[in-house]
Structure formats: C-alpha cells, structure tokens
**Student:** 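The structure's right below; bear with me while I get my questions together.
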Amino acid sequence: MLECAAPTAPATRGPPMRSTGYRRTFAALSVCSLALAVSACGSGDDTASGKTRITVNCMPPKSAKVDRKFFEQDIASFEKQHPDIDVVAHDAFPCQDPKTFDAKLAGGQMEDVFYTYFTDAKHVVDINQAADLTPYVKELKSYGTLQQQLRDIYTVDGKIYGIPRTGYSMGLIYNKKLFAKAGLDPEQPPATWEEVRADARKIAALGEGTVGYADYSAQNQGGWHFTAELYSQGGDVVSADGKKATVDTPEGHAVLQNLHDMRWTDDSMGSKQLLVINDVQQMMGSGKLGMYLSAPDNIPILVKEKGGNYKDLALAPMPGGRGTLIGGDGYMVNKKASPDQVRAALKWLDHMFLTPGAGFLGDYARAKKADAPVGLPEPRLFTGAADAKDQQVKKANANVPVENYQAFLDGNQSLKMKIEPPNAQQIYSVLDSVVSAVLTKKDADIDQLLKDASGKIDGILARG
C-alpha cells in the first residue's frame, strides 16, 4: 500500500493512505471521471481522422497545475513524434478508485490504457479484462531494462499483461536531530527491532512530549504496518499458495510482543494510540517523534506540509534485515484494444514513463526547476545502462540531501522485496484490531489475538 498524506487516494486495493505527488513520489493519480465514463472512457473505434486513437487515464487534474502542464507537454511531444497516433487523456481523482474499478471494467467503460496498482494485476487477468501483451512486448524498447521482480508482478501464467511504472518500498524514517540529542549516532540508524526499541527508549527519555517510535493502529493502517513488520522479520501473512493465514507464528508473535513492550514496558510510544498516518506525520514534522515506518515519499510531505526540515530527516532500511513491503503501479491494456492500439499504448508508455532521464517521471531537470523534490530514494525501476543513465541525471539535479538516504539504498540491496497479500484490505482490517488491542490494552492476550486473526483470515481467503 502506498503511503501518503491523508485524505487522498488509496495506493493499492488495500488501505487508503498513500499519495504524494505526481512523479515517482506519487502513485495514485486519476481515473476517468464518472461524467466521462459512459461516453468517453473506452475508445470504441480505434481510429480518429486516420490515426490510431487511444484513451489513457492518470492525467493529473487541473488543480495540480505544474504536473498537468508537464503531462500535456509530454503528450504533445509524443504526438509530434508519432503523428499517426492520437492520445486522449482522462483526468479525475484518484487515479484508480477501488469502489468503481471493477464496475468500469465489467461495464466496458475502462480506458484503452489504464492505471493499476501492483495488487490489481492478477485480479484483472482473472476476470479476463486485460490484453495479452506478450506478442507485442518486444516493441516496448524499455521492457528488457526494467527490474525483473517488477516485470514479474504483471506476468501471469507466463504471459505479460502489464508494464510497471513506479515502485516504492518501506523503510524507517528517523529524526537525526533527536538522535543526536539523545546521545545516539545519527549516522548509525537501528538495524534490528531490538535496536529500534533501545533507541526509542532513549529518545522518549528526552521528555517534553517526545515519542521514540510511533505506529498506526486504525483505519486498516495498523494491519498494513503489521504486514510490513512481519515481512521484516522473515514472516508472511498468508501461505505461498494464498490459501491459509500464516500470522500465528513466532514472527507474528515477535512483532506484537515488541510493540507491546515499547508501549507498556518502555513507554516509548506515547500514551496516545489509534494513530493514523496524518497523526504520525504531524508528530515527525513537529520534531517530537524519533522514528516511524514509511516510504520515501513521506519526506517531502513532512517538509512541505508538516513543518519538517530535509536535513533532519533520514531514511534507513527496514529493521530486521529479512524483507520489506513493496508496492507501486503500472499500466495494463484493455482486452478490447486492437493490435494497433496495443502497439500505440506501448510506444506511449515508453515515451511518458520509461525513458531514463526523460518524460513525465524522468525529466529531473524540469522537476527541479518546478521545485519538486529530486533525489529521493525510490526503488530503481531500471537495470544496467538504463539505470546508470537514470541515476546520473537524477544525481545531477538532486535538490534534497541524498546522503541522508544512502543507508536505505544500501540496505535494500539485501532485503527480500514482497508485495502485499491477496485481499489486502480485508486482511488489514482483521490485523488492525490485533495491533490496536496490543497498543491500547496492557493485558492483551497476544496468543489469542493471533489465533483469532488467523481464523478470520482463513475465512477471507476461502471466500476468495
């Protein structure tokens, strides 16, 4: 699930909590508005004035003036390079609304080229709404340069049904200023959950309302973070075949016991609980919080909206050293698209999103001029020479303290990257109650909580 400033769009078909901008720091943009849905979403006829016509979504709304301008510029330059293709972009907010997504697909109202979260890929294939891109993907110049683990997300039963566009992974954001004040080395963030606990205790001891570590425990966000913490310890939420819960395990117990001990034994998490993302961001931005789990895109939010300072905010890899939760988005093509439309779609994706150092996501020089953050440690989309080019251009235009994120980048190299579980929203709702109980009841029975949660998750998985 993508992490974000509330009250914006959901980042996966899981909890509604992440949206952060319109480039790689933003994963949720826009869908075709309901007013357009009936008449203009799907293209129907794929020609317009002798051109191949494709409808696309995720165009930034007019309220996002700079990003809207860039998007329009990039479409114009694409159409100039490809005079035989006509691109019709639809905007609205959010980019993909889980409440209307399936209905648009089933009703034949989805755009020819449509935005999806990573967790949507298999579902869209299962309901037979995605075009098989396998015969065409050789025409996508960038495809071979994309990270294999991201390509795999859109590969089902050996066939390619989508193209990844952005990614994010969870890490530990921390306040370097508070670390130094507490006698901790701000260049040596905690690498284990035992170290997180010890450092949180020292930070909380500063007093004056300072909290060492904060976590979410409401609005399904607690379940989301429990999942991330479970991954970090090498555990999983569901079995490999997706049929059974795997939360009632030593790893699941360790996650909850650690939260319980920080909350009740150490008093390093503060007395106010049932927090959601905005609460925690407010605490960090005001300089009263030492650490919390986040994606890199939280950093500009903390600075621009919550009063934080770039130099004080650093990012470390997930404690535990075993794994991290990843999310992101990409595009799929409507099963009704003609072969010419599929080819046009792939050319558009190459131009808009998948050219290193250029396009809507990669024109770092243009982003810097617009005062958008450049240099945040997003997971790398490309490999090899394409990655080297992308990183070179990014580094040349960086306007944030990239040294504050080096530990995150280095640490991620050895972590297992894992996407969210199936039926994420429903599962997070179950796990939310587990986390909230541990953080609000000193005598919470962890064994029973996990046993009950496991049974409920089994029921969700059985229903599909």
Side-chain angles (χ1 to χ4, degrees), residues 2-6 8-9 11 17-29 58 60-61 63-71 73-74 95 165-177 277-278 280-282 284-287 292-317 326-329 352-353 356-382 387 389-409 412:
L2 296 172
E3 179 132 12
C4 76
T8 48
M17 60 193 77
R18 179 182 194 248
S19 64
T20 51
Y22 282 95
R23 2 198 87 71
R24 273 192 197 148
T25 56
F26 191 82
L29 299 176
C58 276
S63 57
K65 294 181 181 179
V66 173
D67 290 300
R68 174 77 169 218
K69 177 182 177 182
F70 289 167
F71 203 91
Q73 287 175 349
D74 292 333
C95 183
R165 188 195 75 145
T166 67
Y168 80 94
S169 67
M170 299 291 287
L172 182 76
I173 193 166
Y174 67 99
N175 187 313
K176 295 179 70 174
K177 190 173 182 179
I277 185 169
N278 189 58
V280 175
Q281 288 175 334
Q282 203 71 50
M284 180 62 80
S286 65
Y292 77 103
L293 298 183
S294 76
D297 62 359
N298 266 216
I299 294 172
I301 293 174
L302 294 171
V303 174
K304 294 186 176 183
E305 300 177 23
K306 310 300 181 183
N309 190 309
Y310 277 117
K311 68 181 179 60
D312 294 334
L313 300 170
L315 195 65
I326 66 169
D329 59 55
M352 291 292 290
F353 308 117
F360 184 67
L361 296 178
D363 192 338
Y364 301 117
R366 180 174 67 178
K368 182 179 181 180
K369 288 180 182 178
D371 196 31
V374 177
L376 294 173
E378 297 91 358
R380 295 181 178 183
L381 181 67
F382 303 106
D387 174 66
K389 170 69 178 296
D390 191 61
Q391 294 301 310
Q392 178 188 13
V393 179
K394 180 187 286 188
K395 184 177 181 181
N397 291 283
N399 55 7
V400 295
V402 294
E403 64 276 6
N404 282 8
Y405 322 129
Q406 195 60 49
F408 174 80
L409 292 171
N412 267 6

**Student:** Quick one: does Ser169's side chain get under 4.5 Å of Asn412's, heavy atoms only?
**Tutor:** yes
**Student:** Measuring from Ile299:CD1 to Asn309:CG, what's the distance to the nearest 0.5 Å?
**Tutor:** 12.0 Å
**Student:** Whether the side chain of Asn399 engages the backbone of Ala372 through a donor-acceptor N/O pair (distance < 3.5 Å, no angle test) should be reported.
**Tutor:** yes
**Student:** Any donor-acceptor pair under 3.5 Å linking the side chain of Asp74 with the backbone of Met352?
**Tutor:** no
**Student:** Compare all side-chain heavy atoms of Phe70 with those of Asp363 and state whether any distance is below 4.5 angstrom.
**Tutor:** no
**Student:** State, to 0.1 Å, how close Ala398 and Lys368 come at their nearest heavy-atom pair, and which atoms those are.
**Tutor:** O-NZ, 4.3 Å
**Student:** Under 3.5 Å, side chain of Asn404 to main-chain N/O of Leu313, donor-acceptor pair present?
**Tutor:** yes
**Student:** So do Met284 and Lys306 actually touch side chain to side chain, heavy atoms under 4.5 Å?
**Tutor:** no
**Student:** List the residues meeting side chain to side chain contact (heavy atoms under 4.5 Å, CB included) with Glu403, not counting sequence neighbours, and say none if there are none.
**Tutor:** Pro401
**Student:** Taking it one step at a time, do Lys394 and Arg380 satisfy side-chain contact (heavy atoms from CB on, under 4.5 Å)?
**Tutor:** CA-CA 11 Å; Lys394 180 187 286 188; Arg380 295 181 178 183; over 6 Å; no
**Student:** Nearest 0.5 angstrom please: Lys176 NZ to Lys311 NZ, how far?
**Tutor:** 9.5 Å
**Student:** What's the shortest heavy-atom distance between Arg366 and Gly359, and which atoms?
**Tutor:** NH2-O, 3.4 Å
**Student:** So which heavy atom on Val393 is nearest to which on Asn397, and how close?
**Tutor:** O-ND2, 2.9 Å
**Student:** Within the structure provided, determine whether Leu293 and Leu172 are in side-chain contact (heavy-atom separation under 4.5 Å).
**Tutor:** yes
**Student:** Can you tell if the side chain of Leu315 reaches within under 4.5 Å of the side chain of Tyr174, non-hydrogen atoms only?
**Tutor:** no
**Student:** Does any non-hydrogen side-chain atom of Phe408 lie less than 4.5 Å from one of Pro296?
**Tutor:** yes
**Student:** Considering only heavy atoms from C-beta outward, does the side chain of Tyr292 approach that of Gln281 to under 4.5 Å?
**Tutor:** yes
**Student:** Counting distance only, does the side-chain N/O of Asp312 pair as donor-acceptor with the main-chain N or O of Gly308 below 3.5 Å?
**Tutor:** no
**Student:** With a 6.0 Å cut-off on the ring centroids, do Phe71 and Phe360 count as close?
**Tutor:** yes
**Student:** Nearest 0.5 angstrom please: Tyr310 OH to Leu376 CG, how far?
**Tutor:** 6.0 Å
**Student:** When you check the gap from the basic side-chain N to the acidic O, do Arg165 and Asp329 get nearer than 4.0 Å?
**Tutor:** yes
**Student:** Assess whether atom NZ of Lys395 is packed by more than 12 heavy atoms of other residues, nucleotides or ligands within 6.0 Å.
**Tutor:** no
**Student:** What is the minimum heavy-atom distance between Phe353 and Leu381, and which atoms define it?
**Tutor:** O-CD2, 4.4 Å
**Student:** Is Asp390 close to Tyr364 at the side-chain level, that is, under 4.5 Å between some pair of heavy atoms?
**Tutor:** yes
**Student:** So which heavy atom on Ala407 is nearest to which on Pro317, and how close?
**Tutor:** O-CD, 3.3 Å
